[in-house]
Amino acid sequence: MSDPLILHNCRLLTMDAELTDFSGGWIEITGDTITRLGMGTPPPGNRMDMGGDLIMPGMVNPHCHMSMTLFRGLGEDVDDRLFRYILPLERGLMTADLAEAGATLAAVEMIRGGVTTVADMYYFEDRIGQVIDRAGMRGIVGQTLANFEAPDHKTMDEGFARLDALADLYKDHPRITASAAPHAPYSTGIEVMERVAAWSDAHPDSPVQMHLAETKPELDWAAEQGATTVELTDRAGLLTDRLIAAHVMYPTEDDMDLIAESGTHVAYNARSNGKAGRGVAPITALRARGVQVGIATDGPMSGNTLDLFSQFAPAVMFQNIAQGTRSALLAQDVVRMATIEGAATLRMDDRIGSLEPGKQADLIRVSIRDPRQQPIYDIYSMLVYATMPTDVQATMVAGHWLMQDRTVATLDVDKTLADFLQTARLFKINMAKLDIGS
């Protein structure tokens with residue numbers, strides 16, 4: 001076995017239970033695992049000087065649609081773009097090759113922005129898993145199921161067959177987990193949600209991803225059945241600790257109690273929600289009930305960027321505006337939601353999310369030398385309000401460098417961008433032929 005890798009001369013933000021913060025710290029990595037860390041003189045080994053930069057856990061994005069980089073910037077000012085643009089484009093144009101091209105660009109962006117783990121829900125997720133694997137990232141790949149025509153299956157039986165195949169494909173993978181991803185209660189219906197719940201019971205190690213209480217039409221759909229959308233999800237057997245519920249914009253007080261009692265986890269998409277004009281998700285009320293919440297990007301058509309630094313300030317500001325105080329959501333809590341609490345949202349906090357001996361070596365190196373970051377009175381507020389994704393200098397997953405000195409090692413960035421732009425040009429031409437959104 002080779003000598004351990006020792007990263008030293010760094011500020012070490014562990015995000016452990018005590019929020020231990022070492023100045024002049026070091027961290028020892030053996031294989032894919034953190035073995036020791038501390039402050040002062042580092043132990044012997046293969047030492048790498050971090051030049052005083054910050055070492056912190058890799059960030060966790062618990063809700064994304066990676067392949068939708070192809071849709072980024074499309075229909076920004078259109079309220080009903082889901083039905084005018086997204087669904088017709090997916091139905092008419094999306095293929096496995098396009099999905100892979102879009103996801104590859106997304107992987108590059110996330111690595112460069114310090115995201116090491118992503119929960120994706122889309123189509124052709126077997127190909128998305130291949131992208132995540134090549135990139136060296138950690139991920140959950142969710143097969144979307146819905147009652148509208150999907151690009152990768154014609155019937156619900158075909159959709160579940162794809163889900164089963166996905167689960168078989170990644171059942172032994174060390175970094176990738178398959179997931180069921182019913183689109184939303186209104187777009188699946190009770191019977192499909194019940195079928196997903198049965199599938200989930202048969203696959204207890206696989207999470208379920210779903211948009212929940214996201215839009216007013218979803219609430220209206222549920223009201224016609226004499227319940228809230230959260231109550232219907234609960235009746236279907238899907239409201240469990242295996243569910244990652246995205247958005248949760250409009251829960252009632254009783255809904256929030258149900259979510260907390262069931263152990264359901266929530267992905268908070270502040271930037272996406274704000275762009276859509278949907279209001280402010282009751283994140284502080286959910287967290288006060290003990291609900292596990294992670295900071296997420298949503299898809300690049302909705303939130304535009306796929307790094308979490310761009311989500312931080314909106315995540316705080318919207319909560320502060322809604323409650324009329326500067327302290328509704330603390331900067332320290334936001335960084336926790338991007339790391340250890342984000343990992344817990346995906347039920348991975350036993351492996352990732354903090355820098356502790358025995359955990360996987362998923363970490364990022366962040367430069368804290370830019371004038372906009374100085375002086376540093378509070379490391380958390382500096383990260384939330386002043387740090388940018390371009391400050392990430394290096395990204396590591398399971399002890400392997402995915403990027404060093406802003407150079408991605410696992411994917412060819414120039415080829416990825418060239419291939420993507422060619423794909424996007426063809427996509428735009430075909431979109432015009434379909435006369436979508438006019």
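Just so you know, these numbers come straight off a predicted model, no measurement behind them.
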Taking [Y]'s backbone N and O only, do any of them form a donor-acceptor pair with [X]'s side chain (distance below 3.5 Å, no angle check)?
X    : Y    : answer
D16  : T20  : yes
E231 : T228 : yes
N269 : S272 : no
S354 : E356 : no
S262 : I259 : yes
T69  : L105 : no
R347 : R242 : no

Checking D32 against K359 for the salt bridge (charged side-chain N to carboxylate O under 4.0 Å, His left out) test, could you report, in this order, the C-alpha distance in whole Å, the side-chain angles of both residues, the deciding distance, and whether it holds? CA-CA 9 Å; D32 62 1; K359 284 197 170 183; over 6 Å; no
Taking NZ, NE, NH1 and NH2 as the nitrogens, is one of them in D152 or R162 under 4.0 Å from a carboxylate oxygen of the other?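 Salt bridge present between D152 and R162.
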Are a donor atom and an acceptor atom from the side chains of W26 and N9 found within less than 3.5 Å of each other?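 W26 vs N9: no donor-acceptor pair found between side chains.
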Residues T284 and Q323: side-chain donor-acceptor under 3.5 angstrom: yes
Once you measure the plane-to-plane angle for Y122 and H65, does it fall in the parallel (<30°), tilted (30-60°) or perpendicular (>60°) bin? tilted
Expected list for residues 53-62: side-chain donor-acceptor pairs under 3.5 angstrom, two or more places apart:
{"from": "D53", "atom 1": "OD1", "to": "R369", "atom 2": "NE", "distance (Å)": "3.2"}
{"from": "D53", "atom 1": "OD1", "to": "R369", "atom 2": "NH2", "distance (Å)": "3.3"}
{"from": "D53", "atom 1": "OD2", "to": "R365", "atom 2": "NE", "distance (Å)": "2.8"}
{"from": "D53", "atom 1": "OD2", "to": "R365", "atom 2": "NH2", "distance (Å)": "3.2"}
{"from": "D53", "atom 1": "OD2", "to": "R369", "atom 2": "NH2", "distance (Å)": "3.4"}
{"from": "N61", "atom 1": "OD1", "to": "H63", "atom 2": "N", "distance (Å)": "3.3"}
{"from": "N61", "atom 1": "OD1", "to": "T297", "atom 2": "N", "distance (Å)": "3.2"}
{"from": "N61", "atom 1": "ND2", "to": "T297", "atom 2": "OG1", "distance (Å)": "2.8"}

Under the salt bridge (charged side-chain N to carboxylate O under 4.0 Å, His left out) rule, what do R47 and E28 come out as? Steps first, then yes or no, please. CA-CA 9 Å; R47 294 182 181 178; E28 179 185 81; over 6 Å; no
Would you say E191 has more than 12 foreign heavy atoms packed within less than 6.0 Å of its CD?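 No.
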According to the side chain to side chain donor-acceptor pair (under 3.5 Å) rule, which pairs have a member within residues 166-177, sequence neighbours left out? D133-H173, D133-R175
